[in-house]
Amino acid sequence: MLSDELVDFIAQGVSLLVGTCDADRIPHAMRAVGLQVHDDRRHATVYLPEVTAQHTVTNVAVNPRVALFVSQPIDHRSLQLKGSVIKVSPASDGERPRIEAYVAQFGRGLNSVGMPFELSNML
């Protein structure tokens, strides 16, 4: 279960990298575009850009294990969360504002360390 401190940390526009592997345990990683920790603090929804998520979606269909690397761009404070994917589905229209808010906040974090957000290829 995630503590208040970790939930607050995750909400700060952190870098999100999702790691999966296929049936042969060949790893793959990709950048996520948002994260929502659920009220039980044991489950979360990770948002991936649909245009680049196919490899990850294919991997979790055969191996649901996933690792999420969370890192603050300004000081590299990091944590890794591990678990299993329960469900894969497109984001709803109601979730879009959460994704857009994350992308904007992450962009501000990149700018604070001198990387123009446009160079991140986020979306």
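Please read all numbers here as calculations on a predicted model, not as lab measurements.
Considering only residues two or more places apart in sequence or on other chains, His43 meets the ring pair (Phe, Tyr, Trp, His ring centres under 6.0 Å) condition with none of them.
For the atom pair CG of Asn59 and CD of Gln54, the computed distance is 10.0 Å after rounding to the nearest 0.5 Å. Atom CG of Leu48 and atom OG1 of Thr20 lie 9.5 Å apart (nearest 0.5 Å). To the nearest 0.5 angstrom, Thr58 atom OG1 is 10.0 Å from Asp22 atom CG. A distance of 8.5 Å separates CG of Leu16 from CD1 of Ile10, quoted to the nearest 0.5 Å. In this structure, the separation between SG on Cys21 and CZ on Arg65 is 9.5 Å, given to the nearest 0.5 Å. The distance from the CD atom of Gln72 to the CZ atom of Arg77 is 8.5 Å, given to the nearest 0.5 Å.
Between Ala91 and Ile99 the shortest heavy-atom distance is CB-CD1, 3.9 Å. Val103 and Val33 get closest at one heavy-atom pair: CG2-O, 4.0 Å. Closest of all the heavy-atom pairs between Phe9 and Val70 is CE2-CG1, 3.8 Å.
For Ser15 and Arg31, the side-chain atoms include at least one donor-acceptor pair closer than 3.5 Å.
Put simply, the side chain of Pro49 reaches to within 4.5 Å of the side chain of Met30, judged on heavy atoms.
Within a 6.0 Å sphere centred on CD of Gln80, other residues, nucleotides and ligands contribute more than 12 heavy atoms.
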